[in-house]
Amino acid sequence: MTEQVLRLIYPPSVVNVPIVNQLVRNFGELTINILRAEVNPEEGWLEVQLVGNAGNIEAATDWLRLQGVEVQVLGA
């Protein structure tokens, strides 16, 4: 099992999109834990911990970027 902590930065265009819901549905083999968050109507960020296969974590990270979310790797 691999663990990765990411900061997901939401631009205004995706603040109202259910990104985390879609992430859970699309990558059900990962454990996704929200560590902290700050969201308002214009923008927001979440720090999440992903636990699972390294390939699945990489695929989820790529998917998040395709959705318009800026992804910063904070640690393992």
Side-chain angles (χ1 to χ4, degrees):
M1 286 289 174
T2 300
E3 178 182 311
Q4 187 76 66
V5 177
L6 307 173
R7 178 172 278 208
L8 310 179
I9 301 171
Y10 286 61
S13 61
V14 298
V15 165
N16 292 316
V17 178
I19 299 286
V20 173
N21 178 39
Q22 294 173 11
L23 181 66
V24 169
R25 288 176 181 259
N26 292 337
F27 298 92
E29 64 280 351
L30 294 176
T31 299
I32 301 165
N33 184 25
I34 299 172
L35 303 174
R36 59 186 63 82
E38 185 174 313
V39 180
N40 63 53
E42 289 83 39
E43 62 187 0
W45 59 265
L46 294 130
E47 287 182 9
V48 297
Q49 176 189 49
L50 304 180
V51 179
N53 175 286
N56 290 337
I57 291 173
E58 184 176 340
T61 302
D62 292 342
W63 179 85
L64 286 162
R65 288 186 174 117
L66 286 173
Q67 305 315 301
V69 176
E70 179 185 341
V71 179
Q72 296 176 346
V73 177
L74 300 181

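What's counted below: heavy atoms across the whole structure, side chains too, no hydrogens, waters or symmetry copies. What you see is a predicted model, and the numbers here were worked out from it, not measured in a lab.
Following chains of ILVMFWY side-chain contacts shorter than 4.5 Å, one cannot reach Leu66 starting from Ile57, and the two form parts of different hydrophobic clusters. Using a 4.5 Å cut-off between side-chain heavy atoms of Ile, Leu, Val, Met, Phe, Trp and Tyr, with links allowed through other members, Val17 and Leu64 fall into the same hydrophobic cluster. Hydrophobic clustering (side-chain heavy atoms under 4.5 Å, transitive across Ile, Leu, Val, Met, Phe, Trp, Tyr) keeps Met1 apart from Leu23. Under the 4.5 Å side-chain heavy-atom criterion for ILVMFWY residues, a single connected hydrophobic cluster contains both Ile34 and Val71. Ile32 and Val14 end up in the same hydrophobic cluster when Ile, Leu, Val, Met, Phe, Trp and Tyr side chains are linked at under 4.5 Å.
The environment of Asn16 atom CG is sparse: at most 12 non-hydrogen atoms of other residues, nucleotides or ligands sit within 6.0 angstrom. For Glu70, the CD atom counts as densely surrounded, since its 6.0 Å shell holds more than 12 non-hydrogen atoms of other residues, nucleotides or ligands.
Between Gln72 and Ile9 there is a side-chain heavy-atom pair separated by less than 4.5 Å. Between Leu6 and Val73 there is a side-chain heavy-atom pair separated by less than 4.5 Å. The side-chain heavy atoms of Asn33 and Val51, taken from C-beta on, include no pair separated by under 4.5 Å.
Here the closest non-hydrogen pair linking Phe27 and Asn56 is CD2-O, 4.1 Å. When all heavy atoms of Tyr10 and Ile19 are compared, the closest pair comes out as OH-CB, 3.5 Å. Nearest approach of Pro41 to Val15, heavy atoms of both residues: O-CG1, 3.9 Å. When all heavy atoms of Leu50 and Ala60 are compared, the closest pair comes out as CD1-CB, 4.4 Å.
In this structure, CZ in Arg65 is found 10.0 Å from CG in Leu8, a value given to the nearest 0.5 Å. Expressed to the nearest 0.5 Å, how far CG of Leu46 lies from CZ of Arg7 amounts to 9.5 Å.
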